[in-house]
Number of protein chains: 2
Amino acid sequence: MPSSVQSVADRAGVSVSTVSRALRGVPGIAESTRKRVQEAAEELGYVASLSASRLATGRTHTVAVVVPLLSKWFFAEVIAAAGRVLSRAGYDVLLTELSTPELRNAFFAAPRLQGRSDGALVLALQLTAEELAALEAQGQAVALVGSERAGASSVCVEDRAGGRAATRHLINLGHERIAFLGIQEAPGSTLGGVPPAERLLGYRDALADAGISPDPGLEFGVGNTVDAGSAAMATALTMAEPPTAVVAASDELAFGALATLRGAGLQVPGDFSVVGYDNHELAGSVGLTTMDHGVAEQGRLAAEALIATLDGAPAAVERLQPNLVVRGSTAPPRRLRAVSP
Amino acid sequence: MPSSVQSVADRAGVSVSTVSRALRGVPGIAESTRKRVQEAAEELGYVASLSASRLATGRTHTVAVVVPLLSKWFFAEVIAAAGRVLSRAGYDVLLTELSTPELRNAFFAAPRLQGRSDGALVLALQLTAEELAALEAQGQAVALVGSERAGASSVCVEDRAGGRAATRHLINLGHERIAFLGIQEAPGSTLGGVPPAERLLGYRDALADAGISPDPGLEFGVGNTVDAGSAAMATALTMAEPPTAVVAASDELAFGALATLRGAGLQVPGDFSVVGYDNHELAGSVGLTTMDHGVAEQGRLAAEALIATLDGAPAAVERLQPNLVVRGSTAPPRRLRAVSP
DNA sequence: CTGAAAGCGCTTACAG
DNA sequence: CTGAAAGCGCTTACAG
């Protein structure tokens with residue numbers, strides 16, 4: 001039976017208005033009064049009713065985090081980082097997983113955030129204009145990670161530059177037949193083409209830079225899973241003229257590729273090089289060379305952007321530069337090493 | 001500007017009480033009236049104010065999920081599974097990460113869930129009696145995963161049997177010098193000794209079953225990270241009489257062990273066998289033999305238990321049996337294979 | 001089956 | 001600096 005403002009007012013010998021003001025730190029209250037009220041509240045173990053103050057103010061102090069798939073490391077990491085920023089700022093975080101097209105449609109069809117949160121942090125889902133408008137119509141401030149929309153704050157990664165850097169690394173090592181393992185979600189996937197095709201474009205850029213003519217047969221587009229990476233790698237190995245290296249659009253795909261290579265008895269990086277994308281928590285343990293794109297940083301920045309928006313700041317977009325992390329999965333192709341001293 | 005009950009009442013030509021009852025499906029309303037009200041609501045795009053109904057009813061239809069560390073696969077997976085059950089049942093999920101002792105203490109010191117949620121799903125944190133009492137004093141129904149407390153619903157795994165089965169598998173293969181990589185969190189860690197020492201006890205059981213005398217030097221207790229597993233494995237390899245196999249208390253530790261073994265030029269399972277614990281999403285891709293303990297299942301069952309409690313059911317505890325998943329990281333020790341045909 | 005009225009527990013102009 | 005009062009938008013006995 002939580003006590004109410006009234007009980008505190010009685011005990012402190014003041015009105016409820018004074019209690020309300022004193023406890024929230026509103027200025028214009030005698031220090032002595034404030035002290036008295038605080039003591040009374042303390043003694044009664046009083047804590048203001050959330051529902052009541054939300055009803056009275058219209059603000060929920062809650063942020064909804066909307067994510068395609070909670071169990072992917074990338075998303076969990078972003079949410080964790082964002083959550084720390086949000087809760088330190090006094091916001092509750094409401095979790096919404098939109099793992100299927102049905103859930104996604106249902107979510108946007110009804111005003112599901114109305115009165116539930118003040119803002120939404122949307123990860124990866126490439127919102128349609130209608131979806132974004134729906135959120136705003138529900139009074140939500142919105143911040144995006146992994147996509148950009150006019151009028152909304154967002155943080156994204158220079159993925160084209162990232163794909164280019166990853167590929168250039170292999171080219172510098174002497175590779176010329178380089179495959180690309182890209183992410184291509186099934187139609188209707190809530191992931192909506194994330195991470196973006198930008199990484200593929202960067203791969204092509206690097207080839208062009210080096211005067212290597214692109215081979216469409218080396219470009220794979222699969223679901224973003226270890227197994228899919230595995231399967232694509234297997235296919236690549238059966239080509240008439242197989243590649244000597246691969247750049248994967250995610251570390252998960254790279255893990256799959258590594259599994260296939262190992263299964264085929266090939267040495268990495270001796271016989272084959274692979275570079276991933278993410279700097280996944282486990283990339284280090286398998287010695288994977290990969291692109292780090294500041295995953296936690298993305299969450300942190302997005303949360304800060306959302307809070308700024310809630311505080312009235314105009315929308316802003318933040319762009320992160322990915323960095324190559326060289327580990328043990330890349331080396332010159334065997335052909336070259338054979339002739340070296 | 002969301003419309004109110006009043007506006008719907010006006011449009012439908014009834015009282016607000018009738019609107020409230022009609023829209024919530026309360027029995028005792030003429031079907032024709034209900035229909036009329038629903039149409040009016042539809043036309044106005046009306047949706048009841050959450051704060052108002054929460055204030056009026058005292059129920060939030062929200063569940064707090066309390067977790068030590070969001071970015072660990074195990075937790076993310078449990079939350080995802082629990083979240084699906086909860087949201088299908090009409091509950092919002094509020095995320096609370098207690099990643100440091102400070103956050104944990106602050107969380108339990110103040111009535112942080114009061115009026116925020118109807119129940120709490122607590123993962124892995126081994127709640128003290130006071131912490132559990134604090135939650136209940138805040139009117140929370142509680143369900144636990146990974147620990148057991150009198151009066152609270154919970155789902156746990158038969159970890160002792162699991163540790164035993166993992167170890168027995170190696171013994172059956174012919175191993176006798178078997179190390180154990182256990183989880184021992186730093187004092188003050190919010191993880192509070194999870195997964196439980198039960199796994200270690202099971203390991204000892206299996207040795208005893210086989211008449212193998214235990215060697216305390218083979219029992220390692222480290223933080224639950226890939227790097228710690230790596231380091232412990234390195235130490236084990238420098239022993240005067242090194243083990244030929246290891247059972248790790250988590251797949252993360254096992255991944256670390258694998259990395260060290262590979263780095264040392266040892267073949268797995270040729271030169272060394274390892275079995276993990278979790279059946280981590282990536283265990284398959286590295287061919288890790290491991291104990292599956294139904295991670296998603298734990299989340300699902302705990303969510304169902306919590307909902308049942310919220311519906312007035314008595315506390316219940318569910319016990320899951322872990323299963324050995326044999327993959328490619330275990331084989332007879334070399335000594336034995338050398339003499340086989 | 002329906003309505004008038006009180007109540008849930010805050011916050012916030014408005015006066016003083 | 002403080003208080004009386006209205007208002008936030010629902011739900012729920014209580015009557016009829």
Side-chain angles (χ1 to χ4, degrees), chain A residues 1-38 40-41 44-62 90 92 111 113-118 138-139, chain B residues 1-38 40-41 44-62 90 92 111 113-118 138-139:
Chain A
M1 219 44 51
S3 47
S4 67
V5 247
Q6 191 52 257
S7 60
V8 179
D10 292 349
R11 178 174 263 260
V14 296
S15 73
V16 293
S17 348
T18 298
V19 171
S20 174
R21 289 190 275 247
L23 260 23
R24 280 174 309 134
V26 175
I29 284 276
E31 244 345 283
S32 59
T33 309
R34 190 187 302 280
K35 196 131 290 174
R36 193 144 40 89
V37 171
Q38 280 169 338
L44 292 168
Y46 170 75
V47 36
S49 154
L50 265 183
S51 313
S53 63
R54 285 176 180 180
L55 176 56
T57 64
R59 287 206 57 178
T60 64
H61 282 283
T62 298
D92 283 348
L113 257 30
Q114 180 115 271
R116 233 171 268 259
S117 54
D118 301 332
Q138 292 171 49
Chain B
M1 219 40 55
S3 47
S4 68
V5 249
Q6 191 53 257
S7 62
V8 179
D10 292 348
R11 178 174 263 256
V14 296
S15 72
V16 294
S17 351
T18 299
V19 170
S20 175
R21 290 191 274 248
L23 259 24
R24 281 174 308 135
V26 175
I29 284 277
E31 244 344 286
S32 59
T33 309
R34 189 187 302 279
K35 195 131 291 172
R36 194 145 38 90
V37 171
Q38 279 170 339
L44 293 169
Y46 170 76
V47 37
S49 154
L50 265 184
S51 314
S53 62
R54 285 176 180 180
L55 176 56
T57 63
R59 288 206 55 178
T60 64
H61 282 283
T62 298
D92 283 348
L113 257 28
Q114 181 115 271
R116 235 170 267 262
S117 55
D118 300 334
Q138 292 171 48

Quiz item: So which nucleotide from C:dG3, C:dC10, D:dT2 ends up closest to the side chain of B:Val14?
Solution: C:dG3
Exercise. Could you work out which one of D:dT2, C:dC10, D:dT11 sits closest to the side chain of B:Ala56?
Key: D:dT11
Exercise. Under 4.0 Å between any heavy atoms, over every strand shown, what does A:Leu55 touch: base, sugar-phosphate, or nothing? Just pick one.
Key: base
Quiz item: Which base sits across from D:dC1 as a Watson-Crick or G-U pair, both distances under 3.5 Å?
Solution: C:dG16
Quiz prompt | Touch class at under 4.0 angstrom, heavy-atom based, for A:Ser51 against every strand present | solution = nothing
Exercise. Measure from the side chain of B:Ser15, starting at C-beta and using heavy atoms only, and say which of C:dG3, C:dG9, D:dT12 lies closest.
Key: C:dG3
Exercise. Side chain of B:Arg21 only, please: which of D:dG9, D:dT2, D:dT12 is the nearest?
Key: D:dT12
Quiz item: When you measure from the side chain of A:Ser53, which nucleotide among D:dT12, D:dG9, C:dT11 comes out closest?
Solution: C:dT11
Quiz prompt | Test side chain to side chain donor-acceptor pair (under 3.5 Å) applied to A:Ser49 and A:Arg54, step by step | solution = CA-CA 9 Å; A:Ser49 154; A:Arg54 285 176 180 180; over 6 Å; no
Quiz prompt | Closest nucleotide among D:dT2, D:dG9, C:dT12 to the A:Thr57 side chain | solution = C:dT12
Self-check item: Shortest side-chain distance from B:Tyr46, nucleotide among C:dG9, D:dC10, D:dT2
Solution: D:dC10
Quiz item: Between the side chains of B:Arg59 and B:Ser53, is a donor N or O closer than 3.5 angstrom to an acceptor N or O?
Solution: no
Practice problem: Give B:Ser49 one of three labels, base, sugar-phosphate or nothing, depending on what nucleic acid heavy atoms sit under 4.0 Å from its own. | Solution: sugar-phosphate
Quiz item: Among D:dA5, D:dG9, D:dT2, which is the nearest nucleotide to the side chain of A:Thr33?
Solution: D:dT2
Practice problem: Just compare D:dC10, D:dT11, C:dT2 and give me whichever is closest to any side-chain atom of B:Ala52. | Solution: D:dC10
Quiz prompt | Shortest side-chain distance from A:Val5, nucleotide among C:dC10, C:dC1, D:dT2 | solution = C:dC10
Quiz item: When you check the side-chain N and O atoms of A:Ser20 and A:Arg24, is any donor under 3.5 Å from an acceptor?
Solution: yes
